[in-house]
Amino acid sequence: MKLHEYQSKKIFADYGVPIPKGNVTSNPTEARKIAEELGGRVVVKSQVLVGGRGKAGGIKLANSPEEAEAMAEQILGLTIKGLPVRKVLIDEAADIQTEIYLGITNDRAARMPVFMASAAGGVDIEEVAAKTPEKIIKVHIDPLLGLQDFQVLNLAVGIEISRDLWPQFYQVAHGLWKAYKEYDATLAEINPLIVTGSGQLMAVDGKMLIDENALFRHQNLETERDLDLEAESETEAKEFGLTYIKLDGEIGCMVNGAGLAMATMDIIKHFGGEPANFLDIGGGANEEKVAAALRIILKDPNVKAVLINIFGGITRGDLVAKGILSALQEVQPEIPMIVRLVGTNAAEGRRLLSAAKMITAQTLAEAAQKAVNASKGEF
Ligand code: GDP
Ligand code: MN
């Protein structure tokens, strides 16, 4: 789950990271009032769950409350990378001397969180990572020991911040780590962490991703969740208890079990195709779930063929077949559908499906090969 800038910064502030004074609103008149309270010069910042808002015109500096109102009105009318701007954050304008990057994420290969820092922070950090990776200092954090002071020192020295700032840097780094850990985050990022003209560190931007499997431990976040700004299909999937992740390929996949879903994606790639999604309908999937899964897959305009791979254990083949049939009535797809159904009640399932125009397969290899061919218009 992605958090907005204003939500992330509020959490960072709770952990002792200094942030600018500010407030969020969806109303331009309100934006002017906030600017008046802040005393004039403010930044008006679109709150959308994508990066690069600055470059997309979603962040503007206003010299007066009137200007803040006009800019809020303009920014609230924008769509940035496909997402409508529904809220703006009005922050006291900061006096920026230096922009530092700070971020913590999970390094799966190292099986540890990694803390990254760079003196080349700001809007081009992706370019820095690609072209001059040596400018990003990394330390791995042992999850049992937590962030150690010597590691913070290594970061501070690595990015060459002045010694006067070290005490503040300690506070920010430990605060960010604590927020990351206690919120079960998979990313906690400050970009930029600025040094102001008067020598203060301050988080001007913030981003957090929370592990959705841990959301039950963070009820306060559940209520703040911005559903309409997440991918619509992923939200619908959640409603039906499906695990769906959209990918960029052209073969839609409906599979029961995460392991089998991964294997299905691998074998599609093996035969030269690309999966359009990861989708696990779970064990004991019923007709309603299957129908929802198929609807979600077919909403993706990139999908040229669908591969249904069901290994019936608890999941019953006949119920899956009924789900497919009822979804077909609803969405009436024009694209080829390949089904591999084995296990409990598979024969009954296949009998039900034989009436519909489905391509059946006995083995997973055969099904994947057929799906790849079908996605390329070859039968
Ligand atoms: P992003 O583009 O989505 O990453 O949004 P940021 O909040 O990081 O803002 C982008 C850039 O706008 C920052 O790197 C700063 O250079 C600039 N910026 C943001 N807030 C302020 C501010 O209060 N004052 C000034 N002068 N610049 C700001
Ligand atoms: Mn930023």
Side-chain angles (χ1 to χ4, degrees), residues 2-13 17-25 31-32 34-65 67-68 71-72 74-76 78-105 116-130 135-136 159 161 172 176 179-180 185 187-209 226 229-230:
K2 294 180 186 171
L3 296 189
H4 281 294
E5 174 194 358
Y6 75 93
Q7 297 167 321
S8 310
K9 287 203 301 204
K10 206 164 149 278
I11 291 173
F12 295 163
V17 176
I19 62 167
K21 279 198 202 110
N23 222 329
V24 73
T25 178
R32 190 184 60 205
I34 297 170
E36 273 163 8
E37 281 161 24
L38 293 174
R41 262 172 68 83
V42 293
V43 267
V44 182
K45 312 182 78 176
S46 54
Q47 298 298 291
V48 280
L49 297 172
V50 291
R53 297 164 304 160
K55 288 187 173 174
I59 293 178
K60 294 242 149 66
L61 206 59
N63 286 309
S64 66
E67 231 176 86
M71 282 169 178
Q74 188 209 336
I75 291 176
L76 284 164
L78 291 178
T79 299
I80 299 178
K81 296 182 185 168
L83 296 176
V85 180
R86 299 227 161 88
K87 284 185 189 132
V88 286
L89 174 64
I90 314 297
D91 262 1
E92 211 169 41
D95 170 17
I96 302 182
Q97 297 295 308
T98 316
E99 302 197 19
I100 295 166
Y101 172 90
L102 280 191
I104 306 175
T105 188
M116 296 168 290
S118 177
V123 295
D124 291 319
I125 193 68
E126 280 82 9
E127 211 178 304
V128 174
K135 287 190 181 163
I136 300 176
I159 62 171
I161 57 168
V172 171
L176 188 65
Y180 177 86
L187 176 77
E189 187 183 82
I190 304 175
N191 186 30
L193 173 74
I194 62 159
V195 183
T196 66
S198 55
Q200 299 297 309
L201 289 183
M202 192 185 265
V204 159
D205 189 11
K207 183 175 176 185
M208 280 186 104
L209 300 181
D226 201 341
L229 296 186
E230 291 182 16

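No hydrogens, no waters, no symmetry mates; every other heavy atom, side chains included, goes into these values. Atoms within a ligand are numbered from 1 in the order they appear, just like the ligands themselves. Residue indices begin at 1 and follow the sequence shown.
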Q. Do you know which two heavy atoms are closest between Asp205 and Glu5, and how far apart they sit?
A. OD1-CG, 3.4 Å
Q: Check ligand 1 against Val123 and write out every atom of the ligand that is under 4.0 Å from a heavy-atom position of the residue.
A: 10 (C), 11 (C), 14 (O)
Q | CZ-CD1 distance between Phe12 and Ile19, expressed to the nearest 0.5 angstrom | A | 10.0 Å
Q: Please work out whether any backbone atom (N, CA, C, O) or any side-chain heavy atom from C-beta onward of Asp95 is under 4.0 Å from ligand 1, and answer side chain, backbone, both or neither.
A: neither
(Q) Heavy-atom distances under 4.0 Å decide this one: backbone, side chain, both or neither, for Lys55 against ligand 1? (A) neither
Q. Is any N or O atom of Gly51, backbone or side chain, closer than 3.5 Å to an N or O atom of ligand 1?
A. no
Q. What pair of heavy atoms forms the shortest contact from Ile75 to Ser46, and how long is it?
A. CG2-CB, 3.6 Å
Q: Do me a favour and list the nearest non-hydrogen protein atom to atom 3 (O) of ligand 1 with residue, atom name and distance?
A: Arg53 NE, 2.7 Å
Q: Give the residue and atom name of whichever protein heavy atom lies nearest to atom 24 (N) of ligand 1, and the separation in Å to one decimal.
A: Ala94 O, 3.2 Å
Q: Distance to 0.1 Å, residue and atom name: give those for the protein heavy atom nearest to atom 2 (O) of ligand 1.
A: Gly54 N, 2.9 Å
Q) What atoms in ligand 1 come closer than 4.0 Å to a heavy atom of Ala93? A) 23 (O)
Q. What distance separates Leu3 CG from Ile11 CD1, expressed to the nearest 0.5 Å?
A. 5.0 Å
Q: State the atoms of ligand 1, each with its element, that fall below the 4.0 Å cut-off from a heavy-atom position in Asp205.
A: 1 (P), 4 (O), 5 (O), 6 (P), 7 (O), 8 (O)
**Q.** Protein contact to atom 15 (C) of ligand 1 [nearest heavy atom, distance to 0.1 Å]
**A.** Glu99 OE2, 3.4 Å
Q | Test item: protein heavy atom less than 4.0 Å from atom 22 (C) of ligand 1 | A | yes
(Q) So, taking the atom named OG1 in Thr196 and the one named CD in Gln97, what distance separates them when rounded to the nearest 0.5 Å? (A) 7.5 Å
Q: Considering heavy atoms of the protein only, find what lies nearest to atom 9 (O) of ligand 1 and give residue, atom and distance to 0.1 Å.
A: Ile59 CD1, 3.3 Å
Q) Looking only at heavy atoms of Asp91, does any of them come nearer than 4.0 Å to an atom of ligand 1? A) no
Q.
Quick check: closest heavy atoms across Tyr6 and Gln47, and the distance to 0.1 Å?
A. N-OE1, 2.9 Å
Q: Give the minimum heavy-atom separation between Leu49 and Leu83, together with the two atoms involved.
A: N-CD1, 4.0 Å
Q) Is a side-chain N or O of Gln7 found less than 3.5 angstrom from the main chain of His4, in a donor-acceptor match? A) yes
Q. Which atom names give the shortest non-hydrogen contact between Leu78 and Gly58, and what distance separates them?
A. CD1-CA, 4.2 Å
(Q) Within the structure provided, determine whether Val42 and Met71 are in side-chain contact (heavy-atom separation under 4.5 Å). (A) no
Q | Shortest protein heavy-atom distance from atom 20 (N) of ligand 1, along with the residue and atom involved | A | Val204 CG1, 3.3 Å
Q: Please answer whether the main-chain N or O of Gly122 pairs with a side-chain N or O of Asn191 as donor and acceptor at a distance below 3.5 Å.
A: yes
Q: Note the single closest protein heavy atom to atom 7 (O) of ligand 1, along with its residue, its atom name and the distance in Å.
A: Lys45 NZ, 2.6 Å
(Q) Among all the protein's non-hydrogen atoms, which is closest to atom 27 (N) of ligand 1, and how far away is it? (A) Ile96 CD1, 3.3 Å
Q: Apply side chain to side chain contact (heavy atoms under 4.5 Å, CB included) to Glu37 and Ile90, showing your working.
A: CA-CA 11 Å; Glu37 281 161 24; Ile90 314 297; over 6 Å; no
(Q) Can you give me the closest heavy-atom contact between Ala203 and Val17, atom names plus distance? (A) CB-CG1, 3.8 Å
Q: Taking Thr98 for its side chain and Val195 for its backbone only, find out whether a donor-acceptor pair lies under 3.5 Å.
A: no
Q. Got Leu193 and Val172 here, is their nearest side-chain heavy-atom distance under 4.5 Å?
A. yes
(Q) Could you tell me, atom by atom, which parts of ligand 1 come under 4.0 Å of a heavy atom of Gly52? (A) 2 (O), 3 (O)
Q. Does the N or O separation between Val43 and ligand 1 drop below 3.5 Å for any pair?
A. no
(Q) I'd like to verify the contacts: list protein N, O or S atoms under a distance of 2.8 Å from the Mn ion (ligand 2). (A) Asn191 O, Asp205 OD2
